[in-house]
Peer 1: 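Submitted below is the structure of interest, expressed as structure tokens.
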Amino acid sequence: MNNVRPEDEVAGICADLIRFDTSNYADNEGPGERAIAEHTAALISEVGLSAELYESSPGRANVVSRISGTDSSLPALVVHGHLDVVPAQASDWSVDPFAGEERDGMIWGRGAVDMKDMNAMMLSVMRSMGREGRQPKRDLIFAFFADEEAGGKYGARWSVDNRPDLFEGATEAISEVGGFSTDINGKRAYLLQTAEKGLAWLRLTAHGRAGHGSHINTDNAVTRLARAVTRIGDHEWPIEYTDTTRAFLEGVSELTGIEFDEGNPETLLSQLGTVSRFVGATLQNTSNPTFLKSGYKANVIPGTAEAMIDIRTLPGQHEQVLEIVRELAGDGIEISTIHNDVSLETPFAGNLVDAMIDSLHTEDPGSTVLPYTLSGGTDNKSLSRLGIRGYGFAPLQLPAELDFTGMFHGVDERVPVDSLKFGSRVLDRLLSNY
């Protein structure tokens with residue numbers, strides 16, 4: 001069994017992980033998280049490696065395994081993924097979202113993209129190291145977290161607060177939503193995530209005078225809230241360029257021969273195909289109303305009305321954006337925070353970045369690697385509180401026609417088997433040599 005390569009079993013591992021329904025409804029139920037954590041720990045221990053499984057709350061299980069390196073003077077690297085997924089409405093899918101079915105050369109199911117594909121690559125590399133007794137240069141800390149899809153309260157955030165010892169000596173980390181390929185002007189480019197936006201989920205509450213729907217009411221909570229939500233949702237945030245987004249667009253300009261016009265980034269974004277919306281959301285702050293609740297009968301004016309706002313902020317602008325949102329909400333609106341987390345940005349430079357680029361170029365000579373900003377968030381936010389600098393690097397070489405980024409939290413999630421094999425080779429090379 002020692003000659004089993006990571007690419008030989010990565011697709012099977014991915015399909016098996018998908019078959020665990022780990023849907024996260026943000027209610028601290030976490031169905032399936034304990035079961036998949038036990039399965040993950042078993043895959044690790046089966047090849048002679050140690051794995052610690054711990055719960056932050058009943059059923060909310062995490063797994064961490066550390067492989068010692070040959071050079072104890074080097075800082076450790078954290079390689080992490082999350083075991084939970086967003087829910088899937090089976091009636092919307094063309095396959096059972098939790099069957100882990102292979103069809104047309106792809107593994108289908110919830111989590112195939114986000115992010116049981118990366119978990120499978122991690123496990124395939126770990127198992128290869130364990131079977132062969134291979135040691136990396138530095139300590140590698142593999143973490144499989146719960147609850148990322150609800151902010152990490154029971155996963156990475158809890159682990160950082162309560163088990164920082166697990167990450168002792170680590171200064172860098174890699175995880176999801178980076179390292180995948182896209183087609184730009186007929187040329188393959190890999191997007192390495194070096195930044196991610198901050199986030200704030202806010203609850204807006206308006207109070208007013210309850211009464212009969214037929215009466216004149218100048219203190220209507222629904223009206224007051226609706227005005228606030230409209231002002232926030234309609235606010236036009238300006239286009240602004242961080243170091244990462246500027247470097248990305250300059251790279252696209254080189255690949256396409258189209259000049260980077262700061263006043264009109266749409267010209268370059270239009271060259272990105274299916275990735276354009278994914279990247280376009282990183283050029284400005286956003287504030288999107290996502291939830292409204294009020295009343296219980298058509299002829300009754302309620303005394304309260306409630307809304308939720310999803311805010312994503314550019315690096316370095318979080319407090320400034322929140323202050324603007326408070327001003328837009330206006331008088332008579334109570335604002336409370338549901339979840340709040342930092343933005344991240346790190347230079348597209350250094351030994352780890354060089355190693356990631358080299359590992360991609362070895363498999364795909366002549367390709368381009370560009371930095372980019374993620375509009376969403378990852379567990380790197382939590383690890384950053386330990387001083388760990390995080391990157392998005394789940395390497396996949398993808399067919400140009402596949403709308404990969406559109407499948408995050410979408411319907412009919414799927415990942416090509418060949419892409420998984422490619423990723424396992426790249427990750428194995430990176431983790432063995434860095």
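Counting begins at 1 with the first residue of the sequence.
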Peer 1: With no hydrogens and no angle check, is any side-chain donor or acceptor of Thr40 less than 3.5 Å from a backbone partner on Ile36?
Peer 2: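 Yes; judged by distance alone, with no hydrogens or angles, the pair exists.
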Peer 1: Can you check side chain to side chain contact (heavy atoms under 4.5 Å, CB included) on Leu77 and Asp139, steps first, answer last?
Peer 2: CA-CA 6 Å; Leu77 173 69; Asp139 283 12; over 6 Å; no
Peer 1: Do Leu166 and Tyr54 have side chains that approach each other closer than 4.5 Å (heavy atoms only, starting at C-beta)?
Peer 2: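 They are in side-chain contact.
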Peer 1: For Asp8 and Asn3, work out which heavy atoms get closest and say how close.
Peer 2: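 Looking at all heavy atoms of both residues, the shortest contact is OD2-O, 4.1 Å.
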Peer 1: Check the pair Glu9 / Arg131 against salt bridge (Lys or Arg N to Asp or Glu O under 4.0 Å), numbers first and verdict last.
Peer 2: CA-CA 13 Å; Glu9 62 175 358; Arg131 278 190 295 260; 3.2 Å; yes
Peer 1: How long is the straight-line distance from CG of Leu199 back to CD1 of Ile338, given to the nearest 0.5 Å?
Peer 2: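 CG of Leu199 is found 11.0 Å from CD1 of Ile338.
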Peer 1: Assess whether side-chain hydrogen bond (donor to acceptor under 3.5 Å, both in side chains) is satisfied between Tyr190 and Asp364, documenting all intermediate values.
Peer 2: CA-CA 10 Å; Tyr190 293 87; Asp364 192 0; 2.7 Å; yes
Peer 1: Roughly how far, to the nearest 0.5 Å, is CG of Leu140 from CE of Met126?
Peer 2: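 With rounding to 0.5 Å, CE (Met126) is 9.0 Å from CG (Leu140).
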Peer 1: If you define the side chain from C-beta out and look only at heavy atoms, does anything of Leu322 sit under 4.5 Å from Asn340?
Peer 2: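 They are in side-chain contact.
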Peer 1: Report yes or no: does Ser65 contribute a side-chain atom to a donor-acceptor pair with the main-chain N or O of Ser50 at less than 3.5 Å?
Peer 2: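 Present.
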Peer 1: So do the side chains of Phe98 and Trp93 get within less than 4.5 Å of each other, counting heavy atoms only?
Peer 2: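 They are not in side-chain contact.
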Peer 1: Check the surroundings of atom CD in Glu327: do more than 12 heavy atoms from other residues, nucleotides or ligands lie under 6.0 Å from it?
Peer 2: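 Atom CD in Glu327 is packed in, count exceeds 12.
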Peer 1: Please determine which of Leu352, Leu360, Val79 meets the side-chain contact (heavy atoms from CB on, under 4.5 Å) test together with Phe393.
Peer 2: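 Only one of Leu352, Leu360, Val79 forms a side-chain contact (heavy atoms from CB on, under 4.5 Å) with Phe393, namely Leu360.
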Peer 1: If you look at every heavy atom in Gly152 and Asp379, which pair is closest and at what distance?
Peer 2: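 Closest pair (atom of Gly152, atom of Asp379, distance): CA-OD1, 4.4 Å.
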Peer 1: For the backbone of Asp341 and the side chain of Lys381, can you confirm whether one donor and one acceptor N or O come within less than 3.5 Å of each other?
Peer 2: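 Flag not set: sc Lys381 to bb Asp341 has no pair under 3.5 Å.
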Peer 1: Looking only at non-hydrogen atoms, find the nearest pair between Ile107 and Cys14 and report the distance.
Peer 2: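 For Ile107 and Cys14, the tightest heavy-atom pair comes out as CG2-SG, 4.3 Å.
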Peer 1: I'd like to know if the side chain of Arg110 reaches the main chain of Val86, judged simply by a donor and an acceptor atom lying under 3.5 Å from each other, with no hydrogens or angles considered.
Peer 2: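 The answer is yes, because a donor-acceptor pair under 3.5 Å joins these two groups.
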Peer 1: Would you say His235 and Arg231 make side-chain contact, with heavy atoms under 4.5 Å?
Peer 2: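 No, every pair of side-chain atoms sits at 4.5 Å or beyond.
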Peer 1: Are Glu240 and Gln317 packed together at the side-chain level, in the sense that at least one heavy-atom pair is separated by less than 4.5 angstrom?
Peer 2: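 Heavy-atom side-chain distance check passes, below 4.5 Å.
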Peer 1: Rounded at 0.5 Å granularity, tell me how far CG in Asp117 sits from CD1 in Ile13.
Peer 2: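 With rounding to 0.5 Å, CG (Asp117) is 12.5 Å from CD1 (Ile13).
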Peer 1: What verdict does the side-chain hydrogen bond (donor to acceptor under 3.5 Å, both in side chains) test give for Glu345 and Thr244, after you've listed the backbone C-alpha separation in whole Å, the side-chain angles of each residue and the deciding distance to 0.1 Å?
Peer 2: CA-CA 8 Å; Glu345 187 168 36; Thr244 300; 2.7 Å; yes
Peer 1: With no hydrogens and no angle check, do the side chains of Arg134 and Ser128 hold a donor and an acceptor under 3.5 Å apart?
Peer 2: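 Per modelled atom types, Arg134 and Ser128 side chains form a pair under 3.5 Å.
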Peer 1: Let me see the working for Asn380 and Ser175 under side-chain hydrogen bond (donor to acceptor under 3.5 Å, both in side chains), right down to the final yes or no.
Peer 2: CA-CA 8 Å; Asn380 278 327; Ser175 187; 5.3 Å; no
Peer 1: More than 12 non-hydrogen atoms from neighbouring residues, nucleotides or ligands closer than 6.0 Å to CZ on Arg385, yes or no?
Peer 2: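 Yes, because the 6.0 Å sphere around CZ of Arg385 holds more than 12 heavy atoms from other groups.
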Peer 1: Anything under 30° is parallel, anything over 60° is perpendicular, the rest tilted; go ahead and classify His339 against Trp201.
Peer 2: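 Ring orientation of His339 relative to Trp201: tilted.
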Peer 1: Determine, for Arg246 against Asp243, whether the closest basic-nitrogen to carboxylate-oxygen distance falls under 4.0 angstrom.
Peer 2: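 Not counted as a salt bridge, because no side-chain N and carboxylate O are separated by less than 4.0 Å.
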Peer 1: Run the numbers on Asp114 and His82 for side chain to side chain contact (heavy atoms under 4.5 Å, CB included), then give the verdict.
Peer 2: CA-CA 9 Å; Asp114 183 14; His82 61 85; 3.1 Å; yes
Peer 1: If the plane angle is over 60° it's perpendicular, under 30° parallel, otherwise tilted; pick one for Tyr241 and Phe260.
Peer 2: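 It falls in the perpendicular class, over 60°.
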Peer 1: With rounding to the nearest 0.5 Å, note down the distance linking CE in Met118 to CD1 in Ile174.
Peer 2: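 It is 4.5 Å, given to the nearest 0.5 Å.
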Peer 1: Rounded to the nearest 0.5 Å, what's the gap from CG on Leu344 to CD1 on Ile388? Could you check?
Peer 2: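 Going from CG on Leu344 over to CD1 on Ile388, the span is 12.0 Å.
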Peer 1: Counting distance only, does the side-chain N/O of Thr182 pair as donor-acceptor with the main-chain N or O of Ala189 below 3.5 Å?
Peer 2: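 Between the backbone of Ala189 and the side chain of Thr182 there is no qualifying donor-acceptor contact (under 3.5 Å).
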Peer 1: Quick one: does Phe248's side chain get under 4.5 Å of Thr373's, heavy atoms only?
Peer 2: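 Not in contact.
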Peer 1: Minimum heavy-atom separation for Glu38 and Leu53, please, with both atom names.
Peer 2: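 Closest approach of Glu38 to Leu53, heavy atoms only: N-CD1, 3.6 Å.
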Peer 1: Does the distance from a Lys or Arg side-chain N to an Asp or Glu carboxylate O, for Asp104 and Arg414, drop under 4.0 Å?
Peer 2: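 Here Asp104 does not pair with Arg414 in a salt bridge, since their nearest N and O are not under 4.0 Å apart.
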Peer 1: Is there a donor in the side chain of Ser23 and an acceptor in the side chain of Asp21, or the other way round, less than 3.5 Å apart?
Peer 2: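 Judged by distance alone, the side chains do pair up.
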Peer 1: Checking Phe278 against Leu191 for the side chain to side chain contact (heavy atoms under 4.5 Å, CB included) test, could you report, in this order, the C-alpha distance in whole Å, the side-chain angles of both residues, the deciding distance, and whether it holds?
Peer 2: CA-CA 11 Å; Phe278 196 70; Leu191 307 188; 5.8 Å; no
Peer 1: Could you give the distance from CG (Asn264) to CD (Glu259), rounded to the nearest 0.5 Å?
Peer 2: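 Between Asn264 CG and Glu259 CD, I get 11.0 Å after rounding to 0.5 Å.
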Peer 1: Please lay out, stage by stage, how Asp358 and Arg429 fare under the test salt bridge (Lys or Arg N to Asp or Glu O under 4.0 Å).
Peer 2: CA-CA 9 Å; Asp358 287 345; Arg429 182 172 291 106; over 6 Å; no
Peer 1: Counting heavy atoms not belonging to Glu168, are there more than 12 under 6.0 Å from its CD?
Peer 2: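 No, the 6.0 Å shell around CD holds no more than 12 heavy atoms from other groups.
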Peer 1: Give me the atom names and distance for the closest heavy-atom approach of Ile309 to Pro289.
Peer 2: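 For Ile309 and Pro289, the tightest heavy-atom pair comes out as CD1-CA, 3.7 Å.
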Peer 1: Side chains of Lys153 and Arg60: closer than 4.5 Å at any heavy-atom pair?
Peer 2: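 No - every pair of side-chain heavy atoms lies 4.5 Å or more apart.
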Peer 1: Is a salt bridge present between Arg157 and Asp147, judged by a nitrogen-to-oxygen distance below 4.0 Å?
Peer 2: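 Result for this pair is no, no salt bridge flagged.
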Peer 1: For residues Ala15 and Gly100, report the shortest heavy-atom separation together with the two atoms involved.
Peer 2: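 For Ala15 versus Gly100, the nearest heavy atoms are CB-O, 3.5 Å.
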Peer 1: Where the side chain of Glu334 meets the backbone of Thr205, is there a donor-acceptor pair that is under 3.5 Å apart?
Peer 2: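 Side chain of Glu334 to backbone of Thr205: no pair is present.
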Peer 1: Keeping Arg389 on the side-chain end and Glu172 on the backbone end, is there a donor-acceptor pair under 3.5 Å?
Peer 2: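 Pair absent, no side-chain N/O of Arg389 close to backbone of Glu172.
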Peer 1: Has the side chain of Lys137 got a donor or acceptor atom that lies under 3.5 Å from a matching backbone atom of Asn433?
Peer 2: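 Looks like yes, one N/O pair under 3.5 Å.
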Peer 1: With salt bridge (Lys or Arg N to Asp or Glu O under 4.0 Å) as the criterion, how do Asp16 and Arg19 come out once you've worked through the C-alpha distance, each side chain's angles and the decisive distance to 0.1 Å?
Peer 2: CA-CA 5 Å; Asp16 286 342; Arg19 294 180 184 119; 2.6 Å; yes
Peer 1: Determine, stepwise, if the pair Glu101 / Asp96 fulfils side chain to side chain contact (heavy atoms under 4.5 Å, CB included).
Peer 2: CA-CA 8 Å; Glu101 179 181 340; Asp96 180 344; 5.9 Å; no
Peer 1: Return yes if some donor-acceptor pair links the side-chain N/O of Asp84 with the main-chain N/O of Thr22 below 3.5 Å, else return no.
Peer 2: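 Such a contact is absent between Asp84 side chain and Thr22 backbone.
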Peer 1: Please answer whether the main-chain N or O of Ser336 pairs with a side-chain N or O of Arg203 as donor and acceptor at a distance below 3.5 Å.
Peer 2: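 The answer is no, because no donor-acceptor pair under 3.5 Å joins these two groups.
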Peer 1: Are Lys197 and Thr313 close enough that some pair of their side-chain heavy atoms sits under 4.5 Å apart?
Peer 2: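 SC-SC contact between Lys197 and Thr313 ruled out.
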